[in-house]
Every structure is written in structure tokens, then in C-alpha cells.
Amino acid sequence: MAANLQHQTVLVTGASSGIGQAIAIAMGKAGANVIINYHEDDKAADDTLRQIEALGGTGLVVKADVSKEVEVIEMFNSAIKKFGTVDILVNNAGIQKDSKFVDMSLKDWQTVMDTNLTGQFLCAREAAREFCRRGLVGERSVAAGKIIFISSVHNIVPWAGHANYTASKGGETMLMKTMAQELAPQKIRVNSIAPGAIKTDINKKVWSDPQQAAELLRLIPYQRIGEPDDVAKVAAWLASDEADYITGTTIYVDGGMTLYPEFAHGG
Ligand code: NAD
């Protein structure tokens, strides 16, 4: 059964591209009003909204840097002003600034932490505050609110040359679990989706080069690189009441990348 998010409002961060854009469209398709957060590319954010409207949905484009407290608070205020409340948050915005560990600058460490971890904290806190303020509205959902973190297989898989990114995703997992434990009595569900390799701008250099793409496939037992829609469909379902008893969990959408693929050939 397709996910039903009728009369609910979802805020998706980093929704002008890649996984965030696909999630915003999937949520719109499921009937939700969609707040399309973006950071830089206003044309691409408008394009996300146009695609949602073409499917008969509705939304609002809001520019905000998720790492800035004032901007996050203003974004939630705009969303609540337009649609009355927010029912679902998808914490998707994320970046990479890769380098060898010994060469990693404090600036690159901090920038990744600010966006991937502090940004997720700031958005999650505003969402949880709104869910607690509003409480349960039974005719919309059996939960008072849902938060989905877009994590990564690198919340558990070490990745040389990406220490800032892996540390941010690992930290995000404990943030998600602690929030899930603390907020469950308020009927707020908090979960993560951990994608493997999904074709987006963040890793275009790899999948657009045939040799690098072939090497990447060796790490994916299911033998295909993922599409943003693979993640989006899971997100729409996880946000729906169909998934009501799930909280504090990470769902891996990775074609088996976390199955130690090398062990298929020995060990
Ligand atoms: P992407 O680069 O297309 O998307 C990232 C989005 O985040 C962009 O729209 C960008 O503008 C936005 N963003 C960056 N900094 C921001 C800020 N400060 N405030 C607001 N928005 C900001 O790449 P993607 O692959 O779609 O990445 C989405 C999420 O998925 C990220 O959290 C990433 O870590 C995660 N992820 C991606 C993959 C993959 O293979 N593509 C795998 C695992 C996890």
C-alpha cells in the first residue's frame, strides 16, 4: 500500500537536489504539504516545488542554512505560519569535505560537523518543540511527530580520508537514539535511514567515471548503484502510520554494502 501522509506537513532539509529532492517529491506524492528547505540553489528548489505541484501537491520553498540557529528557528516559524504546524522532519542536508586525516584542517572538520551534526540537532530540536507544543492530532496521525535522519552506511563503516564525515554520521546515530528514547512517551518517533552509494551530486565524480563506478560495484552485493528514489520510498513509508511501531532504528538502504562484501570471496 502506498504511504498516506494526507493533511500532514513535512519539512525536508537540503531538498533542492539528490536524495532530499526525491524525498520531498515522494512526500508530496503521499499527500503531505512539503517545506522545501535549500541553502544555495533557488532555481533547483523552485523546480522541486514545481514537480510537487505537477502531482497535485502543495509546498513552500524556504532558504536557510541548517547550521545557523536563527535561520532554523525562522524556517520553522515560516512553515508553521503557512501550514499551521509541522508533522514530519527529514534531516537530510549534508556535506563532505574530504582529506587525509593528518592533513585535515580544523575548518573542514568544523564545517562538516556544523552542517551534518549541529544542523541536524538544531532542526530536530525545533521539530520536537513543535510536536510537544501541538501534541497528538489523531485524525492526521497516530504519532505526535516523526523525525527521520538521513545518515549513511558510514555511521558504522569506517572510511579512510573522511574522518569528519564518519564522525558526524556516527554522532548522528547516538543523537537519533537518545532522542527516540527521550521522546517516545510524547508519541514522537525518531529514526534514521542510512543510504549506501546513491547517484547524486555528492559522489558524481565516482559514478560518472566507468573505472571508479566498477570499483564501487565491488562493494555492493546487489550489483547496482542506488537511485534517490530508493531512499525516498522508504522515507515516505517510515514517516507514515504503517511504520508506527518503529522508533530508534536505522534502516540501511544500501544494496548490501554493510554485509562485508569482501567476505563473499574468502575470509
Ligand atoms: P547532495 O549534495 O545532492 O545533497 C545535499 C544537500 O544538502 C544539497 O541540496 C545542499 O544544498 C544541502 N546543504 C548543504 N549544506 C547545507 C546547509 N548548511 N543548509 C541547508 N542545506 C544544505 O547529496 P545527497 O547525496 O543527496 O546527500 C543528501 C544526504 O544523504 C546527505 O546527508 C548525505 O550525507 C547523505 N548520504 C548520501 C549518500 C550518497 O551516496 N549520495 C550516501 C549516504 C548518505
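Atoms within each ligand, like the ligands themselves, are counted from 1 in listed order. Model, not experiment: these values are computed from the prediction.
- Of the listed residues (Ile225, Val253, Ile202), the one carrying the non-hydrogen atom nearest atom 2 (O) of ligand 1 is Ile202.
- Protein heavy atom at the shortest distance from atom 25 (O) of ligand 1 is Thr200 OG1, 2.5 Å.
- The shortest separation from a heavy atom of Ala194 to ligand 1 is not under 4.0 Å, leaving the residue out of contact.
- In terms of heavy-atom proximity, Val62 sits nearest to Met75 at CG1-CG, 3.8 Å.
- Side-chain contact between Lys233 and Asp229 is present, with at least one heavy-atom pair separated by less than 4.5 Å.
- A salt bridge is defined here as a Lys NZ or Arg NE, NH1 or NH2 lying under 4.0 Å from an Asp or Glu carboxylate O, and Asp103 with Lys100 fails to meet this definition.
- No side-chain donor-acceptor contact under 3.5 Å links Arg140 to the backbone of Asp87.
- For atom 32 (O) of ligand 1, the closest non-hydrogen atom on the protein side is Asn92 O, 2.8 Å.
- Atom 37 (C) of ligand 1 has as its closest protein heavy atom Ile19 CD1, 3.6 Å.
- By the criterion of a heavy-atom distance under 4.0 Å, the side chain of Ile95, and not its backbone, is placed next to ligand 1.
- Using a 4.0 Å cut-off between heavy atoms, Ala15 makes no contact with ligand 1 at all.
- Judged by distance alone, with hydrogens and angles left aside, the side-chain atoms of Asn33 form no donor-acceptor pair with the main-chain N or O of Gly59 at under 3.5 Å.
- For the pair Lys169 and ligand 1, a heavy-atom separation below 4.0 Å is found.
- Only the side chain of Asn203 comes within 4.0 Å of ligand 1, judged by heavy-atom distances.
- Atoms of ligand 1 found under 4.0 Å from any heavy atom of Ala64 (numbered from 1 in listed order, with element): 19 (N), 20 (C).
- With a 4.0 Å cut-off on non-hydrogen atoms, Pro228 does not touch ligand 1 at all.
- Ranking protein heavy atoms by distance to atom 13 (N) of ligand 1, first place goes to Ala93 CB, 3.9 Å.
- For the pair Ala44 and ligand 1, no heavy-atom separation below 4.0 Å is found.
- Heavy-atom minimum distance, Ile52 versus Ala24: CD1-O, 3.6 Å.
- Side-chain contact check for Ser67 and Asp114: no donor-acceptor pair (N or O, by modelled atom type) lies under 3.5 Å.
- Within 6.0 Å of the CD atom in Gln181, the count of heavy atoms belonging to other residues, nucleotides or ligands does not exceed 12.
- For atom 39 (C) of ligand 1, the protein comes within 4.0 Å by at least one heavy atom.
- In this structure, Gln110 places its CD atom where more than 12 heavy-atom neighbours from other residues, nucleotides or ligands lie under 6.0 Å away.
- No side-chain donor-acceptor contact under 3.5 Å links Ser17 and Asp201.
- Side-chain contact check for Thr115 versus Val66: some heavy-atom pair is nearer than 4.5 Å.
- Between Ala143 and Asp241 the shortest heavy-atom distance is N-OD1, 4.3 Å.
- Under the 30°/60° scheme for interplanar angles, the aromatic rings of Trp159 and His162 are found to lie parallel.
- Ranking protein heavy atoms by distance to atom 11 (O) of ligand 1, first place goes to His39 CB, 4.1 Å.
- At a 4.0 Å heavy-atom cut-off, ligand 1 touches Ala197 through the backbone alone.
- Ile147 and Leu122 fall within the same hydrophobic cluster, defined by Ile, Leu, Val, Met, Phe, Trp and Tyr side-chain heavy atoms under 4.5 Å apart, directly or through other members.
- Under 4.0 angstrom from ligand 1, there are no non-hydrogen atoms of Glu40.
- When hydrogens are left out, the protein atom nearest atom 8 (C) of ligand 1 is Ser17 OG, 3.3 Å; that is the closest non-hydrogen contact.
- Every N/O-N/O distance between Gln120 and ligand 1 stays at or above 3.5 Å.
- By the 3.5 Å distance cut-off applied to N or O atoms, Pro195 is not counted among the residues near ligand 1.
- Of the listed residues (Gly119, Ser151, Gly14), the one carrying the non-hydrogen atom nearest atom 44 (C) of ligand 1 is Ser151.
- Under a 4.0 Å heavy-atom criterion, Gly226 is not in contact with ligand 1.
- The single protein non-hydrogen atom nearest to atom 19 (N) of ligand 1 is Val66 N, 3.0 Å, given as residue, atom name and distance.
- By the criterion of a heavy-atom distance under 4.0 Å, the side chain of Asn37, and not its backbone, is placed next to ligand 1.
- Among all non-hydrogen protein atoms, the one lying nearest atom 36 (N) of ligand 1 is Tyr165 OH, 3.7 Å.
- Ion pairing between Arg129 and Glu126 holds under the 4.0 Å rule for side-chain N and carboxylate O.
- With a 4.0 Å heavy-atom cut-off, ligand 1 is reached by the side chain of Thr115 but not by its N, CA, C or O.
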